[in-house]
Amino acid sequence: MSDERKREASKRTRGVIDRIEDDGMAVVLVGEEEGVSLDVPASLLPEGAEEGDHLSINIALDKESRRSAEDRVKALQEKLEKRGGSSEQKNFKL
């Protein structure tokens, strides 16, 4: 995959841990202007992360996982169509 295609499928930004709350959630201020607040389970943060730490955040599409899920759903739909009789029947018997 070319570098340009990789950039299209992922995005990198920065964040700052604003606080870690008692319920195990971390509030992360995301973006250059830190105008977006994101609640993240503290268990997803790197070990030792604490308030004020800066994060590098990479969000990537997982197209292979999506294809796999679509294949599983399609197979299940086909199985249910066979079990229900007509291939045009949309109300499956569960």
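All figures in this text were calculated on a predicted structure; none of them were measured in a lab.
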Can you name the residues that form a side-chain contact (heavy atoms from CB on, under 4.5 Å) with [X], not counting sequence neighbours?
| X | result |
| --- | --- |
| A69 | R72 |
| L38 | V30, V40 |
| E51 | R19 |
| S56 | R12, R14 |

Can you measure from [atom1] ([X]) to [atom2] ([Y]) and round to the nearest 0.5 angstrom?
| X | Y | atom1 | atom2 | result |
| --- | --- | --- | --- | --- |
| L76 | E78 | CG | CD | 10.0 Å |
| T13 | I59 | OG1 | CD1 | 7.5 Å |
| D23 | D39 | CG | CG | 8.0 Å |

Identified salt bridge (charged side-chain N to carboxylate O under 4.0 Å, His left out) counterpart of E70 within the set K74, R66, R67: R66
Joint cluster assignment, L44 & I57, ILVMFWY side-chain distance < 4.5 Å: yes
Smallest separation among heavy atoms of [X] and [Y], with atom names:
| X | Y | result |
| --- | --- | --- |
| V27 | S37 | CG1-OG, 3.3 Å |
| A26 | L45 | CB-CD1, 3.6 Å |
| I17 | A49 | CD1-CB, 3.7 Å |

Check: L55 and V16 side chains under 4.5 Å, non-hydrogen atoms: no
